[in-house]
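One-based numbering, in listed order, for ligands and for the atoms of each. The structure presented is a predicted model; accordingly, all values stated were derived computationally and were not measured.
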Amino acid sequence: MRVLELRHVTKRYGNFLAVDDISFAVEKGEILSLLGPSGCGKTTTLRMIAGFEEAKEGAVMVSGVDMKGRRPYERNVGLLFQDYALFPHMTVVENVAYGLKRRNFEKSKIPARVAEMLSLVKLKGFEDRRPNQLSGGQQQRVALARALATNPEVVLLDEPLSALDAKLRQELQFELKAILASVSATTIVVTHDQEEAMSLGNSVVVMSAGKIVQQGSPTDIYADPKTRFVAEFIGRSNWFTGQLEKSTSGMAELKAKGGFRILVPMPASSLNDGAFDVCVRPERVRVDAAIESFGDTPVNAMRGTIRDIAHLGADLHLVVEIAGGQLITATEKYIGQKIEQSGQEVAVTFFPHDCIVVPSGS
Ligand SMILES: Nc1ncnc2c1ncn2[C@@H]1O[C@H](COP(=O)(O)OP(=O)(O)OP(=O)(O)O)[C@@H](O)[C@H]1O
Ligand SMILES: [Mg+2]
C-alpha cells in the first residue's frame with residue numbers, strides 16, 4: 001500500500017527551481033533514503049510533504065488523500081528537523097508532549113504516551129532535563145521520540161544522525177532502523193552520507209539540482225548506476241574513458257586512453273549515441289604480486305606499481321599507478337598472508353561483467 005506519493009512536485013523560490021518535477025512513492029513500513037549533494041532540494045522536499053512549504057505544482061498524497069492546503073498539524077506527518085529544533089526552555093517530557101497537545105491528543109493519555117516514547121528511544125530517567133543538559137545523541141533521540149509520538153502515517157527524518165561522531169552515528173543507525181521497524185513507520189530519511197542511505201533505506205532516491213537522477217534498491221544503485229554522477233556519488237570508483245566499439249558475443253570493447261583494451265557488457269543505448277565511460281569498483285579490482293605473462297595487447301589487465309597501501313580495519317586499500325600515470329584503487333579483505341609493498345610491480349585485473357558502462361559526461 002502506498003502511504004506517501006509525490007506526483008510531479010515542483011518548488012520555486014523566485015526564478016530558482018529548488019525542486020523540479022519529482023515523483024516517487026513510499027510503501028507502508030518502507031524506509032526511503034533521499035540522497036544528494038548539499039543544496040539539491042532534500043529539505044525542501046520534506047518541508048513540502050510536512051506542509052511547511054506549499055508545492056506550487058504537483059501533489060503530495062498521504063494514504064491517497066491530497067494534502068493541498070493543509071497546515072502542518074493537520075497532516076499526519078512527523079518531521080525531525082535537520083537541526084532537531086528542540087525547544088530549549090522545555091524539558092524532555094514537554095518536548096515530546098508538544099506535538100500531542102498541538103494535535104488535540106486526549107489530554108489524560110499524554111503522560112502514558114510520552115513515557116512509552118521515551119522508553120522506545122531509551123531515555124527513561126531523562127524526563128526533566130532540558131536540551132542543554134543532554135548529549136547530541138540524547139537530543140537526537142528526544143527529537144525522534146517527538147516525531148514518532150503522534151503515531152504519524154509518514155515519518156520524515158532530515159539528517160537525523162549528522163550531529164554525531166562516527167562511532168555513535170553507526171550505533172544509532174542500527175537503533176534507528178530497529179525503532180522504525182518496531183512501529184512499522186513509513187519513513188523518508190534524508191542524508192548526504194551515502195553509506196547511511198544504503199544501510200537504512202529499502203529504497204534510495206538520488207537527487208541532483210532539484211531533480212531525481214535515479215531511484216532503486218541500494219544494490220541497484222550501487223551495482224547499476226545509470227550515470228557517472230550516481231556512480232561517483234555512491235561509493236568509490238575507477239574510471240576509464242575512450243572509444244567504445246562492438247566486440248564479439250554481445251560485448252563491447254573500450255579502446256581506453258593509455259592504450260588499454262577493456263572488454264565490457266554492451267550498454268543498453270546504441271554505441272552511436274555518443275561516448276561512454278567505464279567504471280570499476282575498487283573491490284572488483286584484483287591486484288596480484290606475480291606478474292603473469294601478458295600478451296601484447298592484454299584485455300582487462302594492466303601492469304602497475306603499488307604507490308600506497310592502507311589498512312582500514314579488515315580492508316586493505318591499495319593504490320596502483322598504471323601506464324599514463326593513472327591511479328587505480330583496489331580494496332581487498334586483509335587475510336594476513338599477502339604481503340604487498342609500496343613500489344612493488346603488480347598486475348591489475350578485473351572481469352568484464354564487473355565493468356559499469358555509463359554515458360560520458362552524465
Ligand atoms: N526560503 C528559501 N528561499 C530561497 N531559496 C531557498 C530557500 N530555502 C532553500 N532554498 C534554496 O533551495 C535549494 C535547496 O535547498 P535545500 O535546503 O532543500 O537543500 P538540501 O538538499 O536540504 O541541502 P543540505 O544537504 O545542505 O541540507 C538551495 O539552493 C537553497 O539555497
Ligand atoms: Mg537539508
Side-chain angles (χ1 to χ4, degrees), residues 4-26 31-60 62 67-72 75 77-86 136-137 139-140 142-144 146-147 152 154-166 169-170 172-173 176 180 187-201 203-216 218 221 225 227 229-235:
L4 174 70
E5 192 180 351
L6 268 65
R7 295 182 185 160
H8 303 288
V9 168
T10 296
K11 176 75 196 175
R12 279 168 220 276
Y13 293 111
N15 286 333
F16 177 71
L17 258 176
V19 172
D20 186 1
D21 189 15
I22 65 169
S23 300
F24 61 78
V26 196
I31 303 179
L32 179 138
S33 292
L34 192 55
L35 184 65
S38 186
C40 72
K42 305 181 296 292
T43 296
T44 306
T45 301
L46 294 197
R47 288 176 62 82
M48 285 191 285
I49 298 169
F52 293 99
E53 302 285 351
E54 194 66 66
K56 283 288 172 287
E57 293 154 50
V60 173
V62 175
M67 292 289 111
K68 198 167 188 63
R70 291 203 194 194
R71 312 289 306 147
R75 302 185 182 201
V77 172
L79 171 63
L80 186 156
F81 291 92
Q82 191 159 6
D83 53 4
Y84 309 161
L86 292 178
Q139 290 179 42
Q140 194 274 330
V142 177
L144 184 63
R146 188 176 61 179
V154 176
V155 178
L156 308 173
L157 307 173
D158 198 350
E159 300 277 4
L161 307 175
S162 61
L164 310 175
D165 66 50
R169 203 176 164 124
Q170 231 173 18
L172 271 182
Q173 193 172 302
L176 181 60
L180 293 172
T187 307
I188 299 184
V189 55
V190 161
T191 170
H192 51 240
D193 180 324
Q194 40 109 354
E195 266 178 38
E196 201 166 284
M198 308 297 262
S199 125
L200 283 173
S203 68
V204 178
V205 164
V206 185
M207 286 182 74
S208 168
K211 286 192 169 65
I212 293 180
V213 286
Q214 194 169 342
Q215 59 191 106
I221 300 263
T227 59
F229 171 83
V230 173
E232 286 185 323
F233 197 76
I234 314 266

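Ligand 1 has no N or O atom lying under 3.5 Å from any N or O atom of Phe16, backbone or side chain. The shortest N/O to N/O separation between Thr45 and ligand 1 does not fall below 3.5 Å. Backbone and side-chain nitrogen or oxygen atoms of Thr44 are examined, and one is located within less than 3.5 angstrom of a nitrogen or oxygen of ligand 1. Some N or O of Thr43 is nearer than 3.5 Å to an N or O of ligand 1, by distance alone. Considering both main-chain and side-chain atoms, Gly36 never comes within under 3.5 Å of ligand 1 through any nitrogen or oxygen pair.
Nearest to atom 27 (O) of ligand 1 among the protein's heavy atoms is Gln82 NE2, 2.9 Å. Protein heavy atom closest to atom 26 (O) of ligand 1, with residue, atom name and distance, is Ser38 OG, 2.5 Å. Regarding atom 25 (O) of ligand 1, its nearest protein heavy-atom neighbour is Lys42 NZ, 2.7 Å. Atom 10 (N) of ligand 1 has Tyr13 CE1, 3.5 Å as its closest protein atom, hydrogens excluded (heavy atom only).
Counted by atom type alone, His192 and Glu159 present one or more donor-acceptor pairs between their side chains at under 3.5 Å.
For the side-chain contact (heavy atoms from CB on, under 4.5 Å) with Leu157, the qualifying choice from Ile188, Leu46, Val190, Leu144 is Leu144, the only one to do so. Between Arg12 and the options Glu57, Glu54, Glu53, a salt bridge (Lys or Arg N to Asp or Glu O under 4.0 Å) holds for only Glu57. Applying the side-chain contact (heavy atoms from CB on, under 4.5 Å) test between Met67 and each of Val62, Val154, Val77 identifies Val62 as the sole match.
In this structure the side chain of Arg169 reaches within 4.5 angstrom of the side chain of Asp193, judged on heavy atoms.
Protein non-hydrogen atoms do reach within 4.0 Å of atom 6 (C) of ligand 1. Protein heavy atoms all stay at least 4.0 Å away from atom 31 (O) of ligand 1.
Heavy atoms of His192 found under 4.0 angstrom from ligand 1 belong exclusively to the side chain.
For the Mg ion (ligand 2), the set of nearby N, O or S atoms under 2.8 Å includes none belonging to Ser38.
The structure places CG of Asp21 at 5.0 Å from OG1 of Thr10, a figure rounded to the nearest 0.5 Å.
Comparing Gly39, Pro37, Ala18, Gly210 against atom 19 (O) of ligand 1, the shortest heavy-atom distance belongs to Gly39.
Judged purely by atom type and a 3.5 angstrom limit, Gln215 has no side-chain atom pairing as donor or acceptor with the backbone of Ser203. Between the side chain of Arg70 and the backbone N or O of Gly51, no donor-acceptor pair lies under 3.5 Å.
The number of heavy-atom neighbours closer than 6.0 Å to CD of Glu195, taken from other residues, nucleotides and ligands shown, is 12 or below.
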